[in-house]
Amino acid sequence: MAYRRIASLKTVDEFRDYLSQLDLDLPVDNEPLSRQQQSPLAQSLQVGDFLVGNRWAVHPMEGWDGSREGKPSGHTFRRWNNFGESGCKLIWGGEAVAVSSEGRANPNQLMINSENEKSLAELLDVLKQAHIKEFGANSCDDLFVGLQLTHSGRYCRPNDKAKLEPRIAYHHPLLDERIGLTPDDDSALLSDVELEQLIEKYIQAAQIASRIGFQFVDIKHCHGYLGHELLSGFTRPGKYGGDFNGRTRFLREICEGIHTACPNLQLGVRLSLFDLLPFQPAGIDEKTGRPGIGEPMTYSGKDYAGFGCNRNSPLQIDLREPIRLLELMRDELGITLVNLSAGSPYYNPHIQRPAYFPPSDGYQPPEDPLVGCVRQIQAVAEIKKAVPGLAMVGTAYTYFQEYLPHVAQAVLRRGDVDFVGIGRLLLSQWQLPAQVLRGENYKAKKKICRTFSDCTTGPRNGLISGCFPLDDYYKKMPEFQQLKEIKSANRK
Ligand SMILES: Cc1cc2nc3c(=O)[nH]c(=O)nc-3n(C[C@H](O)[C@H](O)[C@H](O)COP(=O)(O)O)c2cc1C
Ligand code: SF4
């Protein structure tokens, strides 16, 4: 593969040169600034009635490691502890927590209900205690923590890690086949009555989250899960589909219900801002035995079902509807913050989480992963101009690796985003934001995520997730060996 690895770009200038070779327009600062040097990342920001202490955010990341009852395990507690130690003042969601047992993405996903209230409260407490231990007695005064609420829709696996039990919003012309659904099988379709019951579950979940002490909840609308899928339900009949009003009704009714039940709880939405066609590997690479380069699935019909893409040319972004939705969120739904992502890890992972090395069910990147990062950053910049007054978290910064702080602070300074959200890099080196703000050498320990994708390959093969290659905690586990065997078997 001709793409340069970031680790081979030894200076900021080399990094900048490579960006221009790729024809990418991205601001990059010469060096990371500390808090003392007035880093833009160290500035606070008012979100609703809360002053958030800095501009670093932890993205939600689940570990496929809860109990069958949906309670956190020791691994989950450790992850949240690390989020607390990161120095980020915005904790976006922690991880996806299912509002109903049938809506879990795996049998070990966390679940929110009255039986689990105490253990979820302990999880929040662990995060806050870690923050206090690291940053001092009053450090939680400007720490903003929310919980991500989800229903996995098309990607539900509530009982058996290997068995999909999809609940879909509508029949999709390409995605149905990928999960073994035939166009005439309506058994997986969620009825309007089921959606109404689910809306109640979201409202109940928000009440529990508020009681526990979460300051906001995220009504997840990204990555191909149910909320996101409803936004492209152009062909769905009835009140939750069809026109813009119908496709956003699910979100509107949840927001209205939560505002009535919990007037002090802030509302956020994680949104896949744009979606493009599903991709698949072009065969198997003969030399390496690995899946080939990703190519888009062909779609010959008209009016492709995708949110935020040109429906007649679905490899192109069209932000008109996302802008309308974000205006609705800001002006009518009382949503104060959004976390902007893109695509889905199931059918176009290079769009959603750009990586040099694909997960076991993925494909070799069809573009330099930097192209995917810049695509997301530029889309957020456009949205930021179009919909001012809504706090926005950006995504897909991990792949910048050692240059992440240089890019993050430059993008922030330009006003193209409000918070820089970090995912994978915080699994391998969760202390990075705090190190940067203190002016420390964040490269010294060689823990920077190189996007090996083991944290995705693990769960795709029924294992827990975690940074197996770089986090000693996971390296010592038998699962690490199992993962190696799975990867080498996949190569044969
Ligand atoms: C192991 C793992 C678990 C994830 N879990 C969630 C999740 O629970 N909810 C969510 O919205 N996104 C989830 N994501 C996506 C991340 O939040 C993030 O969008 C993605 O990793 C891209 O950001 P990055 O480039 O900084 O890693 C997960 C990603 C990984 C790697
Ligand atoms: S396993 Fe570790 S190095 Fe690999 S992508 Fe995940 S966090 Fe990064």
Side-chain angles (χ1 to χ4, degrees), residues 6-7 56-66 75-76 79 82-83 88 91-98 104-106 108-110 146-150 152 155 218-225 227-228 268-273 338-346 349-359 362 369-370 372-373 376-377 393-401 404 407-408 420-430 432-433 446-460 463-475 479-480 483 487:
I6 302 294
W56 286 106
V58 182
H59 280 319
M61 275 177 296
E62 57 174 317
W64 290 260
D65 53 15
H75 307 313
T76 328
R79 190 168 51 258
N82 295 350
F83 292 164
C88 298
I91 313 291
W92 187 289
E95 61 189 89
V97 176
R104 287 204 271 179
N106 62 86
N108 298 90
Q109 186 168 50
L110 298 189
L147 190 70
Q148 182 174 61
L149 304 180
T150 194
S152 296
Y155 301 104
D218 162 21
I219 318 297
K220 185 175 186 180
H221 272 62
C222 59
H223 303 164
Y225 297 112
H228 183 211
V269 170
R270 188 156 207 223
L271 177 69
S272 278
L273 194 51
V338 291
N339 184 329
L340 302 171
S341 180
S344 163
Y346 294 101
H350 74 289
I351 302 288
Q352 195 255 345
R353 56 180 81 150
Y356 199 91
F357 305 95
L370 285 169
C373 302
Q376 289 205 38
I377 289 176
V393 182
T395 299
Y397 285 81
T398 283
Y399 189 75
F400 296 122
Q401 302 170 44
L404 188 158
V407 173
V420 172
I422 315 290
R424 290 162 294 178
L425 194 140
L426 292 187
L427 295 179
S428 66
Q429 190 178 340
W430 54 94
L432 180 134
K446 303 203 181 315
K447 296 282 184 191
I448 290 179
C449 165
R450 300 296 180 196
T451 67
F452 296 125
S453 290
D454 284 6
C455 50
T456 307
T457 295
R460 291 288 196 269
L463 305 177
I464 57 168
S465 178
C467 183
F468 290 94
L470 297 176
D471 182 350
D472 293 338
Y473 177 83
Y474 290 96
K475 255 188 195 168
E479 282 89 344
F480 184 40
L483 193 63
K487 283 168 73 174

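Indexing begins at 1, ligand by ligand and atom by atom, following the structure's order.
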Novice: With atoms numbered from 1 as shown, which atoms in ligand 1 lie under 4.0 angstrom from a non-hydrogen atom of C455?
Specialist: 1 (C), 31 (C)
Novice: Report, in ascending order of atom number, the atoms of ligand 1 lying under 4.0 Å from any heavy atom of Q148.
Specialist: 7 (C), 8 (O), 9 (N), 10 (C), 11 (O)
Novice: Would you check the N or O atoms of P60, main chain and side chain alike, for any that come under 3.5 Å of an N or O of ligand 1?
Specialist: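 So ligand 1 has an N or O lying under 3.5 Å from an N or O of P60.
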Novice: Below 3.5 angstrom, do we get any N/O pair linking S341 and ligand 1?
Specialist: no
Novice: Ignoring hydrogens, what is the shortest heavy-atom contact between L426 and P433? Give both atom names and the distance.
Specialist: CD2-CD, 3.7 Å
Novice: Could you state the interatomic distance from OG1 (T150) to NE2 (H221), rounded to the nearest 0.5 Å?
Specialist: 10.0 Å
Novice: For the residue pair R424 and Y399, would you count it as a cation-pi contact if the rule is NZ or CZ under 6.0 angstrom from the ring centre and within 45 degrees of the ring axis?
Specialist: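 No, a cation-pi geometry is absent between R424 and Y399.
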Novice: Return yes or no for this condition: an N or O of G423 is under 3.5 Å from an N or O of ligand 1.
Specialist: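 Yes, G423 has an N/O under 3.5 Å of an N/O on ligand 1.
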Novice: Quick check: does C455 put an N/O/S atom under 2.8 Å from atom 2 (Fe) of ligand 2?
Specialist: no
Novice: Taking distance alone, with N or O pairs closer than 3.5 Å, would you say S465 contacts ligand 1?
Specialist: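 No, since none of the N or O atoms of S465 sits under 3.5 Å from an N or O of ligand 1.
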Novice: What residue and heavy atom of the protein are closest to atom 24 (P) of ligand 1, and at what distance?
Specialist: T398 OG1, 3.3 Å
Novice: Judged by non-hydrogen atoms, does T395 sit under 4.0 Å from ligand 1?
Specialist: yes
Novice: Short list, please: which atoms of ligand 2 are under 4.0 Å from a heavy atom of C467?
Specialist: 1 (S), 2 (Fe), 3 (S), 7 (S)
Novice: Quick one: pull up CG in L470 and CG in L425 and give me the separation to the nearest 0.5 Å.
Specialist: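 One finds 9.5 Å between CG of L470 and CG of L425.
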Novice: Please state which protein non-hydrogen atom is closest to atom 7 (S) of ligand 2 and give its distance, to 0.1 Å?
Specialist: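 Ranking protein heavy atoms by distance from atom 7 (S) of ligand 2, first comes R424 O, 3.4 Å.
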Novice: Nearest 0.5 Å, what's the CZ-OG distance between F357 and S453?
Specialist: 9.0 Å
Novice: Identify which of H221, H59, R270 has a heavy atom lying nearest to atom 12 (N) of ligand 1.
Specialist: R270
Novice: Select one of side chain, backbone, both or neither to describe which atoms of Y225 lie under 4.0 Å from any atom of ligand 1, heavy atoms only.
Specialist: neither
Novice: Pick whichever of E62, R353, Q109 has a heavy atom sitting closest to atom 28 (C) of ligand 1.
Specialist: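 The nearest heavy atom belongs to R353.
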Novice: Is a donor from one side chain sitting under 3.5 angstrom from an acceptor on the other, for D65 and S465?
Specialist: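 S465 and D65 do not have a side-chain donor-acceptor pair below 3.5 Å.
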Novice: Do ligand 1 and T456 have nitrogen or oxygen atoms that lie under 3.5 Å from each other?
Specialist: no
Novice: Decide whether Y473 and H75 meet the rule of one side-chain donor and one side-chain acceptor closer than 3.5 Å.
Specialist: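 Judged by distance alone, the side chains do pair up.
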Novice: Please determine which of Q148, H59, K220 meets the side-chain hydrogen bond (donor to acceptor under 3.5 Å, both in side chains) test together with N339.
Specialist: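 Looking at Q148, H59, K220, the match for N339 under the side-chain hydrogen bond (donor to acceptor under 3.5 Å, both in side chains) is H59.
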Novice: Calculate, to the nearest 0.5 Å, the distance between atoms CG and CD1 belonging to L340 and I377 respectively.
Specialist: 12.0 Å
Novice: Number the atoms of ligand 2 from 1 as they appear, then name those within less than 4.0 Å of a heavy atom of F452, with their elements.
Specialist: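 Selected atoms, number and element: 3 (S), 4 (Fe), 5 (S).
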Novice: Touching ligand 1 at all, W92? Heavy atoms, strictly under 4.0 Å?
Specialist: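 No.
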Novice: Suppose I only count heavy atoms of W64 and a 4.0 Å limit; which atoms of ligand 1 are within that range?
Specialist: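 Once the distances to W64 are compared, the set is 1 (C), 3 (C).
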Novice: Of all heavy-atom pairs between I464 and W64, which one has the smallest distance, and what is that distance?
Specialist: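 Heavy atoms only, the tightest pair is CG2-O, 3.6 Å.
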Novice: Below the 3.5 angstrom mark, is there an N/O of R424, backbone or side chain, next to an N/O of ligand 1?
Specialist: yes
Novice: Using a 4.0 Å cutoff against the non-hydrogen atoms of R450, which atoms of ligand 2 qualify?
Specialist: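 Once the distances to R450 are compared, the set is 3 (S).
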Novice: Which of the atoms in ligand 2, numbered in the order shown and given with their element, are less than 4.0 Å from a heavy-atom of S453?
Specialist: 4 (Fe), 5 (S)
Novice: How does T451 reach ligand 2, by side chain, by backbone, by both or by neither, if only non-hydrogen atoms under 4.0 Å count?
Specialist: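 Backbone only.
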Novice: Under 4.0 Å, heavy atoms only, figure out whether ligand 1 is touched by the backbone of A96, its side chain, both or neither.
Specialist: both
Novice: Can you tell me how far the CG atom of L110 sits from the CG atom of L147, to the nearest 0.5 Å?
Specialist: 8.5 Å
Novice: In Å, rounded to the nearest 0.5 Å, how long is the span from CZ of F468 to CZ of F480?
Specialist: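 Here the interatomic distance stands at 8.5 Å.
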Novice: Counting distance only, does the side-chain N/O of E62 pair as donor-acceptor with the main-chain N or O of V97 below 3.5 Å?
Specialist: no
